[in-house]
Every structure is written in C-alpha cells, then in structure tokens.
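Take this structure, written in structure tokens, and hold onto it; I'll ask about it next.
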Amino acid sequence: MHSALQDKVGEVLLPGDMFSFESSPETIGLTASSRCSDKVVCGPGLRRDGDRVQACKSGLLRHKPPNVYWIESQQRRYVPTKGECVIGIVTAKSGDVFKVDVGGSEQASLSYLALEGATKRNRPNVQVGDLVYGQLLIANKDMEPELVCVDRSGRSNGMGVFGEGGLMFKVSLGLVRRLLSPQRDIVRDLEQLFPCELVIGLNGRVWVKSSSVQRTLVIANLLDSCENMTAQQRQSLFRRVAEGAL
C-alpha cells in the first residue's frame with residue numbers, strides 16, 4: 001500500500017502531486033495515534049484528499065518507519081499548527097489578553113491566565129516586546145491562533161517569558177526540524193564547541209545565549225551556515241572554528 005510513496009522518498013515533489021491507494025479512505029490516517037500498519041501518517045507538506053494523498057508544498061519527500069511521510073522544504077513562512085511549540089513576541093496588551101506575533105498571517109492571543117502562577121489577583125509581569133515560548137492550543141483557518149504557556153497540569157514545563165540577554169534570529173522551517181530531530185547532531189556538535197542555552201521554536205525562530213556576546217553571535221552565524229551543509233562540511237567548519245582558523 002505504501003509503495004506509491006516509498007518509491008518517491010528522497011525525490012522532489014511539487015504542489016499538486018497525487019498518490020492514490022487501492023484501499024478505502026479509512027485506511028489513511030492523519031494523526032500520530034494511528035498505530036496500524038495499514039495507515040499512512042501525513043506530516044508537513046502532505047494532505048489527505050479522499051482516498052489519495054496530495055503534496056501541498058515543494059520539497060524532498062521523507063519517510064520515517066513504519067508509515068510516517070512528510071515533505072522537507074526550505075520555506076520560511078510559518079503556518080500555525082495546533083500542538084506546535086513556538087517562540088512569540090508580545091506586541092500588545094488588550095484587557096486580559098496579550099497579542100503575540102508567532103510569524104503567521106495573524107497574531108496569536110495569550111490569556112494572562114495561561115501563564116504559570118497567574119490568578120486574577122496575581123497578574124504576570126509581561127511587557128510589550130517580551131519573548132514567550134508556548135504551545136498553540138488553537139490553530140485553524142477560521143479562528144485566530146491561541147497560545148498557552150502551561151501544560152495540562154498547569155505547570156510551565158519550560159514555557160513562559162524568557163530571552164533576557166540572548167539573541168533571537170530566524171532560520172528556515174526545514175533547519176528547525178533538523179535541530180529538533182531525535183539525533184540532534186547539529187545541536188550536539190555545537191554544544192561541544194560552545195556551551196550555550198538554546199530555545200528552538202517550530203515557527204523558525206531560534207534564541208541563543210552563551211557566555212559572551214561574541215560567542216552568541218558566532219553560534220548564530222554557525223547555525224545559519226548549517227542550512228545547506230552536509231554533515232561532513234559542518235564538522236569541518238566546526239573543527240576550523242575550534243582551532244581558531246576562522
């Protein structure tokens with residue numbers, strides 16, 4: 001059943017490319033909870049259309065066993081997706097709600113009660129221009145995105161206002177997913193070179209802080225340079241930086 005997609009793994013797909021299956025539409029799954037071997041899990045860049053799977057962006061088709069497929073592209077425009085953790089910038093206060101720029105076509109809303117420890121009497125100290133790391137609770141084409149900075153138990157779990165003394169910059173969404181991959185080769189090599197703090201949002205924003213401003217800028221430039229490098233080229237670059245050749 002997966003042969004139509006498996007034959008294209010590693011190849012470039014264009015928007016509109018279709019893949020048909022002989023099975024019924026119910027055998028094509030769209031969520032990670034689909035455990036059955038006869039279901040296809042469609043990741044970023046792929047969309048279900050009846051009994052077919054359609055590519056909705058250009059890029060390389062990738063596959064993770066047993067049945068997860070997605071398209072890896074170099075796009076920079078972010079489309080908010082429910083459940084993704086992003087870095088936002090507080091742009092305005094409107095009553096009990098903060099407006100947060102997450103890089104999408106619309107700003108997200110963040111209630112002050114969606115921050116750890118916030119109550120009606122104890123309001124969080126959030127100012128315009130602050131960086132927040134949170135999870136998208138609502139994200140669809142008919143409603144503005146809604147951001148929360150607590151998990152189901154009401155704990156921040158690493159989310160909330162942050163960013164003092166660091167640097168935020170933008171990279172492609174493809175590089176962000178490589179930085180967040182289970183292998184995390186780039187992050188591991190970088191931390192061995194320069195110990196640092198990293199916050200990575202799926203909206204293409206990266207925040208970094210090191211022991212000095214100079215090191216912070218070097219790390220930002222190294223991450224940006226990894227965009228189109230192979231593993232060998234990246235390791236060679238990091239080695240030259242460690243030896244002081246650059």
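For clarity, every value in this text was computed on a predicted model and none was experimentally measured. Sequence positions, counted from 1, serve as the residue numbers for this chain.
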_Apart from Met143 itself, residues in the same hydrophobic cluster as defined by side-chain heavy atoms under 4.5 Å_ =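 Under the 4.5 Å side-chain rule, Met143 groups with Leu137, Ile138, Val148.
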
*Quick one: does Ser225's side chain get under 4.5 Å of Leu237's, heavy atoms only?*
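Yes, at least one pair of side-chain atoms sits under 4.5 Å.
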
*asked:* I'd like to check the side-chain contact (heavy atoms from CB on, under 4.5 Å) partners of Ile71; sequence neighbours left out, ordered by chain and number.
replied: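 If we apply the side-chain contact (heavy atoms from CB on, under 4.5 Å) test to Ile71, skipping adjacent residues, the hits are Leu13, Leu46, Ala55, Lys57, Leu61.
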
*Pairs meeting criterion ring pair (Phe, Tyr, Trp, His ring centres under 6.0 Å) with involvement of residues 208-243, two or more places apart*: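 Found none.
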
*Arg188: what forms a side-chain contact (heavy atoms from CB on, under 4.5 Å) with it, not counting sequence neighbours?*
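Partners of Arg188 under the side-chain contact (heavy atoms from CB on, under 4.5 Å) test: Asp185, Gln192.
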
*Under 4.5 Å side-chain linkage, directly or through intermediates, the cluster mates of Met18*: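 Besides Met18, the hydrophobic cluster comprises nothing; the residue is isolated.
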
*Measuring from Leu173:CG to Tyr78:OH, what's the distance to the nearest 0.5 Å?*
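The CG atom of Leu173 sits 8.5 Å away from the OH atom of Tyr78.
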
*Sequence neighbours left out, what passes side-chain contact (heavy atoms from CB on, under 4.5 Å) with Ser181? Give chain and number order.*
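Counting only residues at least two positions away or on another chain, Ser181 forms a side-chain contact (heavy atoms from CB on, under 4.5 Å) with Gln183.
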
*Pairwise side chain to side chain donor-acceptor pair (under 3.5 Å) hits with a residue in residues 209-220, at least two apart*: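 Listed by first then second residue: nothing to list.
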
*asked:* Test side-chain contact (heavy atoms from CB on, under 4.5 Å) on Cys149 and Leu110; report intermediate values, then the result.
replied: CA-CA 8 Å; Cys149 294; Leu110 171 66; 4.1 Å; yes

*Thinking salt bridges, do Asp17 and Lys8 make one under a 4.0 Å N-O criterion?*
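Looking at Lys8 together with Asp17, the answer is no, because their closest N to O distance does not fall below 4.0 Å.
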
*Is it true that atom CZ of Arg77 has more than 12 heavy atoms of other residues, nucleotides or ligands lying nearer than 6.0 Å?*
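For Arg77, atom CZ is not crowded (no more than 12 foreign heavy atoms under 6.0 Å).
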
*asked:* Under a 3.5 Å distance rule, please check whether Asn221 uses its side chain to pair with a backbone N or O of Leu217 as donor and acceptor.
replied: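 Yes; judged by distance alone, with no hydrogens or angles, the pair exists.
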
*Could you go step by step and tell me if Glu84 and Gln135 meet the side-chain contact (heavy atoms from CB on, under 4.5 Å) rule?*
CA-CA 6 Å; Glu84 291 189 343; Gln135 187 176 38; over 6 Å; no

_Give me each pair satisfying ring pair (Phe, Tyr, Trp, His ring centres under 6.0 Å) with a member in residues 177-202, each pair once, sequence neighbours excluded._
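Qualifying pairs, neighbours excluded: none.
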
*Over all heavy atoms of both residues, which pair between Ile219 and Cys196 is shortest? Give the atoms and the distance, please.*
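Looking at all heavy atoms of both residues, the closest pair is CD1-CB, 3.6 Å.
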
Show me the side-chain donor-acceptor pairs of residues 199-207 shorter than 3.5 Å, one per line, residues at least two apart or across chains.
unit_1: Asn203; atom_1: OD1; unit_2: Ile87; atom_2: N; d: 3.3
unit_1: Asn203; atom_1: ND2; unit_2: Ile87; atom_2: O; d: 2.7
unit_1: Asn203; atom_1: ND2; unit_2: Val102; atom_2: O; d: 2.9
unit_1: Arg205; atom_1: NH1; unit_2: Ile87; atom_2: O; d: 3.1
unit_1: Arg205; atom_1: NH1; unit_2: Asp101; atom_2: O; d: 2.8
unit_1: Arg205; atom_1: NH2; unit_2: Asp101; atom_2: OD2; d: 3.2
unit_1: Trp207; atom_1: NE1; unit_2: Gly163; atom_2: O; d: 3.4

_Minimum heavy-atom distance between Gln107 and Thr91, given as atom pair plus value_ =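 In this case the closest contact between Gln107 and Thr91 is OE1-OG1, 2.8 Å.
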
*side chain to side chain donor-acceptor pair (under 3.5 Å): which pairs involve residues 146-170, sequence neighbours left out?*
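Every pair satisfying side chain to side chain donor-acceptor pair (under 3.5 Å) with a residue in residues 146-170: Glu116-Ser156, Asp151-Ser153.
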
*Roughly how far apart are Leu115 CG and Asn122 CG, rounded to 0.5 Å?*
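Those atoms lie 10.5 Å apart.
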
*asked:* If hydrophobic clusters are built from ILVMFWY residues whose side chains come within less than 4.5 Å, do Leu113 and Val97 share one?
replied: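 Different clusters.
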
For residues 125-134, which side-chain donor-acceptor pairs fall under 3.5 Å, sequence neighbours excluded?
unit_1: Asn125; atom_1: OD1; unit_2: Gln127; atom_2: NE2; d: 2.7
unit_1: Asp130; atom_1: OD2; unit_2: Gln127; atom_2: N; d: 2.8

*Report the C-alpha distance between Ser236 and Gln232 in whole Å, list the side-chain angles of each, state the deciding distance to 0.1 Å, and finish with yes or no for side-chain contact (heavy atoms from CB on, under 4.5 Å).*
CA-CA 6 Å; Ser236 175; Gln232 293 78 11; over 6 Å; no

*If you round to the nearest 0.5 Å, how far is CD of Glu144 from OG of Ser105?*
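Output value for this atom pair is 11.0 Å.
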
*asked:* If hydrophobic clusters are built from ILVMFWY residues whose side chains come within less than 4.5 Å, do Met168 and Val208 share one?
replied: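 Result: no, two separate clusters.
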
*Does Ile89 belong to the same Ile/Leu/Val/Met/Phe/Trp/Tyr cluster as Val161, with side-chain heavy atoms less than 4.5 Å apart forming each link?*
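No: no chain of side-chain contacts under 4.5 Å links Ile89 to Val161.
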
_The test is side-chain contact (heavy atoms from CB on, under 4.5 Å); show your working for Val9 and Arg62 and say whether it passes._
CA-CA 5 Å; Val9 171; Arg62 298 301 188 189; 5.7 Å; no

_Distance check, rounded to the nearest 0.5 Å: Ser58 atom OG versus Glu72 atom CD?_
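Taking OG in Ser58 and CD in Glu72, the distance rounds to 12.0 Å.
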
*Linking I/L/V/M/F/W/Y whenever their side-chain heavy atoms sit closer than 4.5 Å, directly or via other members, would Val171 and Val187 fall into one cluster?*
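Both belong to a single hydrophobic cluster.
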
*How far apart are the closest heavy atoms of Leu60 and Gly10, and which atoms are they?*
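Closest approach of Leu60 to Gly10: CD2-O, 3.6 Å.
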
*Residue pairs passing the ring pair (Phe, Tyr, Trp, His ring centres under 6.0 Å) test where at least one lies in residues 79-109, sequence neighbours excluded*: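 For residues 79-109: none.
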
*Quick one: closest heavy-atom pair of Ala242 and Leu193, and the distance?*
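Minimum heavy-atom separation between Ala242 and Leu193: CB-CD1, 3.4 Å.
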
_Path from Val12 to Tyr69 over hydrophobic side-chain contacts below 4.5 Å_ =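 Unlinked, Val12 and Tyr69 end up in two clusters.
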
*Identify whether the distance between the nearest side-chain nitrogen and carboxylate oxygen of Arg234 and Glu227 falls below 4.0 Å.*
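Result for this pair is no, no salt bridge flagged.
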
*Give a yes or no on this: more than 12 heavy atoms of other residues, nucleotides or ligands lie within 6.0 Å of atom NZ of Lys93.*
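It does: Lys93 NZ has more than 12 such atoms within range.
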
